[in-house]
Amino acid sequence: MAQRRWRLSSLQAIIGTIPLIGVSVGVFVICIIFSILWSFTSSKLFPNFDWVGFENYDRLWQTSRWIVSVQNIWLFGVLSIVGNMVFGYVLAVFMDQRIRMEDTFRSIFLYPFAMSLVVTGLVWQWMMDPNLGVQAAMQNLGLEWFRFAPLTDANTAIYGVIVAGIWQGTGVTMAILLAGLRGVDQEIWKAAKVDGIPNWRTYLFIALPMMRGAIATAFVLQCVGVVRVYDLIIALTQGGPGIATQMPAVFVIQHITNRQNVGMGMAAAAMMLAPIIVLIAIRALVMWRAAAQEKRAAKLAIAAEERERLEAAGIAAPVAAE
Amino acid sequence: MKRFVTAAAVSAAALLGTTAYTQAAEVEVIHWWTSGGEQAAVSVFASEFEARTEHTWLDTAIAGGENARAATMQRILGGDAPGAAQFNPGRQYEELIEAGLLLDLTELAESEGWRDFMRPPSTMAACDVDGQVWCVPVNIHSWNWAWASIPVFEAAGVEMPTSFAEFLEAAPAIQEAGYIPFAIGGEGWQINGAFGVVQTSIIGLDNREAILNGKDLDLARELMPEVFETFRSFKPFTDEGSANRNWNDTTNLVVTDQAALQIMGDWARGEFAVAGEVAGEDYECLALPLASPTVSTGGDIFLFPKQGDPDVEAAQLEMASMMVSPQVQALFNNAKGSMPIRGDVDMSLADACMQKGLAIIEDEANIQVDAQRWLTEDTNAQMNDLIAEFWATDMSVEDAVNSYVSILENAD
């Protein structure tokens, strides 16, 4: 009877998840397979199956625009994630000081995230425009030496993009980390206070390690944002000056659409997938090792228990003999 | 509940009502004409189309040629093709023709005699593939123009230049007088366009064809270094705000007498006209190359993706016929600042600049085939990237020439 009920509920579960399985197999697995297949073809506007081997990859890694894109995404990724995390946590700590109008401030800080990246890009483009942005405003105030126009120079443009990215991403990081902070047990704070630990040390060395979940969530969210960064670039710099702020996603989409070179775009997309697969592989390896370790630890624990039991018996034995 | 039912009934009736009237078709047109002068031109098409036929012109303007073409491609591939779409003549749409996704205009073209009245012949060649006509050329645009602000040259005490070298010599004086000597927007196609003009000026039409069409790599290695060097010497005379600036905002710098000179195709003329400027008084149009001007035969074409609906198909043919009719050509090209695709058009309204262009186009020897006829969009975009990178960074001339040659070598 119990077994039949189990079967029924599992059948329901299977039926319930079929659409999801269908979508993920159809959209992700099959599309990824086709993308990779097409990356080995000479597809132009329409996909075809005219195999050319690694020709597309060859050209890809000789294209300076692609190489610049790859360098840019690493720089952008590392700096904007670090910036977001640091500023997000600092803001969260400030918000945690039981300030007045916390809700209002939270909304204000969260607001950039609710805004489209296109709007973010345009706003920052204007702010960084030397003729009408912050620089012009400061110079009109009489500060002739003031310079803030990173987007006009190929060497600094990527930092302008990073500033806009941090502005956009800090708020949501703050919200997640604030939730994490609030989740830390109040008893811990009391205990730290009793021990006379200064507040900043509690935040940095006690609370922070305890909110691993919130940090992981914020981090994953940032990573996803970095990999697919597209609209920010389009609105802010269109990849310029020159090709200084190009990004892989822009490269892929432009090759598939207006450059009419699907094969090349797919090769670039496959290269974007590669580091993600490596990351997943590393994670699987770590998890597998952790599981193996756990198993070994469990085995050791059982052995120790056994020994303890035996020892207890050994100790008990003489008593019994007496 | 009752109110809800009535509301539903009313809206259903409204829906039925709107779907009942469809014999007059709606033709959606995707184009990238969004600046002031361009809008004036496209509304000529729209109003003439609606005045001459019972059909409706549904305007879908998408800023930026690349974006508009990408949207069109995506919609054609996705099975939701627009009724008409703008492209540049060349190889941008060759795969659409091969795949049979476009409406065949041969019958209409033959009955109206397009092949006879279109000039120069290369204009028609862009649409005439293997004896079948697939698109409608609507105008001829030439990149080979520079636009100069007369007040700025006067204020700086500099003569109108008669060569690039002269301009580069005079540029520091213009800069000292507080003006931008050379206005350019940082977008890839603007930089590449100006580069193309400089290239033609230095190496001449024949060498240009040998390099771009004949893919003569040795000749490219020999001649291109000077082109890259000359092009770079314009760089110090640009302004800070150049990165990412639209072409029409850049033209506006010349219109408002903040900048001395811009190299830009003849579509810029429309901006001067909209601002009420007069050629020869407020601004000067310099036909390039200054020594012996030529006309590059770029421009715009419209193609008509196949539709299932015969009503829409009939409307598409009527639109094609409207676009080439002499009257519409005159109105449209006067507004747009481009040259008509037929010689029998009354262009007496044209201003001094266009008259200059019309005189140049008369002679077949002055016709410069547009590079897009020879290069695919992919190759063209690679060159855009290279030249944009060369312009924005301190890439050496040698590296630039090597990349240029390797792009040509791999072009298909």
Side-chain angles (χ1 to χ4, degrees), chain A residues 42-48 52 55 58-59 62-69 121-122 125-126 128-133 135-136 147 149-157 160 233-246 251 253-265, chain B residues 64-74 76-77 91-99 101 180 185-191 238-246 249 253 258 376-382 384-395 399-400 402-403 406-407 410 412:
Chain A
S42 68
S43 303
K44 293 296 174 214
L45 173 59
F46 298 105
N48 62 33
V52 294
E55 206 174 87
D58 228 32
R59 188 181 132 189
Q62 283 172 20
T63 305
S64 63
R65 177 172 162 179
W66 172 254
I67 293 165
V68 169
S69 301
L122 280 178
Q125 194 197 330
W126 291 334
M128 297 185 206
D129 188 311
N131 299 322
L132 47 87
Q135 177 174 317
R147 288 277 175 281
L151 298 183
T152 59
D153 184 349
N155 296 317
T156 55
I233 299 294
I234 294 297
L236 195 58
T237 63
Q238 291 187 357
I243 53 169
T245 56
Q246 290 292 351
F251 187 96
I253 291 175
Q254 285 195 343
H255 275 79
I256 293 174
T257 57
N258 41 32
R259 299 198 167 189
Q260 305 175 10
N261 194 343
V262 167
M264 188 76 176
Chain B
E66 286 197 349
N67 303 335
R69 290 195 295 272
T72 304
M73 293 288 186
Q74 292 303 307
I76 293 176
L77 297 185
R91 299 181 62 179
Q92 288 170 351
Y93 43 88
E94 61 183 8
E95 282 195 64
L96 293 177
I97 296 176
E98 279 164 26
L101 291 168
I180 305 164
E187 296 175 316
W189 70 271
Q190 292 184 44
I191 298 171
T238 58
D239 64 312
E240 252 197 326
S242 137
N244 209 20
R245 186 168 53 207
N246 293 329
D249 292 335
L253 291 175
Q258 297 175 52
T376 59
E377 187 71 354
D378 188 30
T379 310
N380 195 41
Q382 274 178 282
N384 279 354
D385 283 348
L386 167 67
I387 290 154
E389 187 185 7
F390 174 77
W391 179 254
T393 65
D394 47 11
M395 185 184 211
D399 288 348
N402 284 339
S403 305
S406 94
I407 291 171
N410 296 321
D412 50 0

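Below, chain A is the first sequence line, B the second, and so on; all start at residue 1.
Residues Phe46(A) and Leu101(B) meet the side-chain proximity criterion, which asks for heavy atoms closer than 4.5 Å. At a threshold of 4.5 Å between non-hydrogen side-chain atoms, the residues Lys44(A) and Glu95(B) count as touching. Side-chain contact between Glu55(A) and Asn410(B) is absent, with no heavy atoms from C-beta onward closer than 4.5 Å. Side-chain contact between Arg59(A) and Gln382(B) is present, with heavy atoms from C-beta onward closer than 4.5 Å.
For chain B, the nearby part of Ser64(A) is the side chain; its heavy atoms alone come within less than 4.5 Å. Residue contact with chain A, scored on non-hydrogen atoms closer than 4.5 Å, involves the backbone and the side chain of Glu66(B) alike. Contacts between Ile253(A) and chain B at a heavy-atom distance below 4.5 Å are absent for every atom of the residue. Proximity to chain B (any heavy atom under 4.5 Å) is restricted, for Gln135(A), to the side chain, taken from C-beta onward. Looking at Ile387(B), there are no atoms closer than 4.5 Å to chain A (heavy atoms on both sides), in backbone or side chain. Neither the backbone nor the side chain of Gln62(A) comes within contact range of chain B; no heavy atoms are under 4.5 Å apart.
Atom CZ of Arg69(B) and atom CD of Gln260(A) lie 8.0 Å apart (nearest 0.5 Å). The CD atom of Gln254(A) sits 8.5 Å away from atom CG of Asn67(B), with the distance rounded to the nearest 0.5 Å. Here OG1 of Thr376(B) is found 8.0 Å from CG of Asn261(A). Values are rounded to the nearest 0.5 Å.
What you find for Pro241(A) and Ala392(B) is that their closest heavy atoms are C-CB, 3.6 Å.
Remark: Arg65(A) engages Asp385(B) in a salt bridge, criterion side-chain N to carboxylate O under 4.0 Å.
Looking at Ile256(A), Leu45(A), Thr257(A) one by one, the single match for side-chain contact (heavy atoms from CB on, under 4.5 Å) with Met73(B) turns out to be Leu45(A).
Formation of a donor-acceptor pair under 3.5 Å by the Glu240(B) side chain with backbone atoms of Thr152(A) is not found in this model.
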